Amino acid sequence: MEGNSVGGGGGGGGGGANDVELLCKTLQVEHKLFYFDLKENPRGRYLKISEKTSATRSTIIVPSNGIAWFLDLFNYYVNSEDQDVFSKELQLDTKVFYFDVGENRRGRFLKISEASVSRNRSTIIVPAGNARDEGWAAFRNILAEINEASGLFVLPNQHQQNSEAPERIIGLSDDVGAGFISSNSSQPAPATDSNIDRSSDLPPSDDIGNMGVSKVIRADQKKFFFDLGNNNRGHFLRISEVTGSDRSSIILPLSGLKQFHEMVGHFVEITKDRIEGMTGVNVRTVDPPQR
DNA sequence: GCGGCAT
């Protein structure tokens, strides 16, 4: 039961009492107080996020490989137009986090529910804040700090640098609506605006951890490189177009990858009769770039 | 001085 759980304090009581505290931060949003504790135990590292109001306290436990996903999702909710946001599901290990935006007379809020097999569902609610979602933005900033700092702590007993294969770690799926989905929606949401960052946002390339997955395709005279990577803002897919000596890239946070895929599939579908019979698209694996 | 969700 506790085999896969990280930091849940499962089984016989400890409640993470022995866990090492790596980093603590607090954030006040309106009258709520949020505690962020980055902790570590022999099973791994996790972020405990607690919401405390006058009488209640509720906590969610985020596995460390989910911090970047939380960051991406908060960016999504901060950057999207109010009417364009959808609920999201984030599966991490054995638990699922549900992100839902709600509104009542107190204002807009983001409800984050953690559902796991052996535990009651727990929920925190983050107020959007008055203007420009500053409550969510402040929350996002804390996540960014923690995500960045987390990379500075090295597990002494770390056997592999990437304990997760990219395909297996995480599934991020759209729940409701998903912006653009296989159904015959006539109006694809311009989700790309918020999901695709320009390459200028990248830190120096030293910080880009290549995850060892690189592919290249050719189309006509162009080459396109696909590289998985991660930086202090999370995981991303970099797609680079290389012509001659010029390279330009888009950086696609993995939270947008599914929508990207569906969007490409859409255009493949509607142009099918025009590309049938075309050949010459080669896909191969290449060595990770050196820089 | 808040208080949402939902078991």
Side-chain angles (χ1 to χ4, degrees), chain A residues 1-2 4-13 15-16 24-37 46-63 66-144 146 170-179 181 189 194 255:
Chain A
M1 72 152 95
E2 57 204 75
N4 282 331
S5 75
V6 151
C24 294
K25 288 180 180 293
T26 62
L27 170 68
Q28 186 172 352
V29 181
E30 295 171 0
H31 118 284
K32 282 187 172 174
L33 201 50
F34 292 95
Y35 296 91
F36 299 78
D37 296 303
Y46 63 93
L47 177 63
K48 185 176 88 171
I49 305 176
S50 293
E51 166 201 313
K52 187 176 179 303
T53 49
S54 46
T56 60
R57 179 172 53 103
S58 64
T59 296
I60 60 174
I61 302 288
V62 184
I67 298 173
W69 292 101
F70 267 62
L71 179 55
D72 278 353
L73 282 166
F74 266 85
N75 273 318
Y76 166 75
Y77 286 106
V78 168
N79 294 329
S80 300
E81 296 300 319
D82 292 1
Q83 66 275 13
D84 290 340
V85 297
F86 297 102
S87 295
K88 298 281 182 180
E89 286 182 31
L90 175 64
Q91 169 136 28
L92 295 167
D93 302 334
T94 58
K95 48 176 80 167
V96 185
F97 294 92
Y98 299 93
F99 290 72
D100 297 289
V101 173
E103 183 164 10
N104 60 19
R105 63 179 97 66
R106 301 279 183 202
R108 275 157 48 82
F109 57 85
L110 180 62
K111 181 184 65 163
I112 305 167
S113 285
E114 171 193 337
S116 58
V117 272
S118 59
R119 197 166 301 278
N120 290 337
R121 173 181 284 239
S122 59
T123 297
I124 64 172
I125 292 178
V126 185
N130 289 325
R132 279 235 359 100
D133 297 339
E134 89 276 0
W136 293 349
F139 203 100
R140 183 264 322 268
N141 293 340
I142 299 269
L143 287 172
I146 293 171
I170 308 159
L172 182 65
S173 68
D174 295 304
D175 180 15
V176 184
I181 275 276
S194 58
S255 61

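Chain identifiers are assigned alphabetically (A, B, ...) following the order of the sequence lines, protein sequences preceding nucleic acid strands; residue numbering begins at 1 within each chain. This structure is a prediction, so every number in the text was calculated from the model and none was measured.
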Residues at least two apart in sequence or cross-chain that pass side chain to side chain contact (heavy atoms under 4.5 Å, CB included) with A/Thr26, listed by chain then number, are A/Tyr35
Pair up each side-chain donor or acceptor in residues 103-110 of chain A with any protein partner under 3.5 Å, not counting sequence neighbours, and list the distances.
{"residue": "A/Asn104", "atom": "OD1", "partner": "A/Arg106", "partner atom": "N", "Å": "2.8"}
{"residue": "A/Asn104", "atom": "OD1", "partner": "A/Gly107", "partner atom": "N", "Å": "3.3"}
{"residue": "A/Arg108", "atom": "NH2", "partner": "A/Asp82", "partner atom": "OD1", "Å": "3.4"}

The salt bridge (Lys or Arg N to Asp or Glu O under 4.0 Å) partners of A/Lys32 (sequence neighbours excluded) come to A/Glu51
Contact class for A/Glu30 (heavy atom, under 4.0 Å): base, sugar-phosphate, or nothing? base
Self-check item: Note, A/Phe70 side chain near A/Ile146 side chain (heavy atom, < 4.5 Å)
Solution: no
| request: Carefully, step by step, assess A/Glu114 and A/Thr123 under the rule side-chain contact (heavy atoms from CB on, under 4.5 Å). | output: CA-CA 6 Å; A/Glu114 171 193 337; A/Thr123 297; over 6 Å; no
Within residues 49-58 of chain A, those residues having any heavy atom closer than 4.0 Å to DNA chain B are none
At a 4.0 Å cut-off to heavy atoms of chain A, the contacted part of DNA chain B spans B/dG1 to B/dA6
Please check this pair: side chain of A/Ser122 against backbone of A/Thr59, looking for a donor-acceptor N/O pair closer than 3.5 Å.
yes
Rounding to 0.5 Å, atoms OG (A/Ser58) and CG (A/Asn120) come to a distance of 12.5 Å
| said: Ring-plane angle category for A/Phe99 and A/Tyr77, please: parallel below 30°, perpendicular beyond 60°, tilted otherwise. | reply: parallel
| message | With a 3.5 Å distance limit and no angle check, can you tell me whether A/Trp136 reaches the backbone of A/Gly129 through a side-chain donor-acceptor pair? | response | no
Q) Hey, does A/Ile112 have a side-chain heavy atom less than 4.5 Å from the side chain of A/Phe74? A) yes
Residues in residues 126-139 of chain A with a heavy atom under 4.0 Å of DNA chain B, by number, are A/Pro127
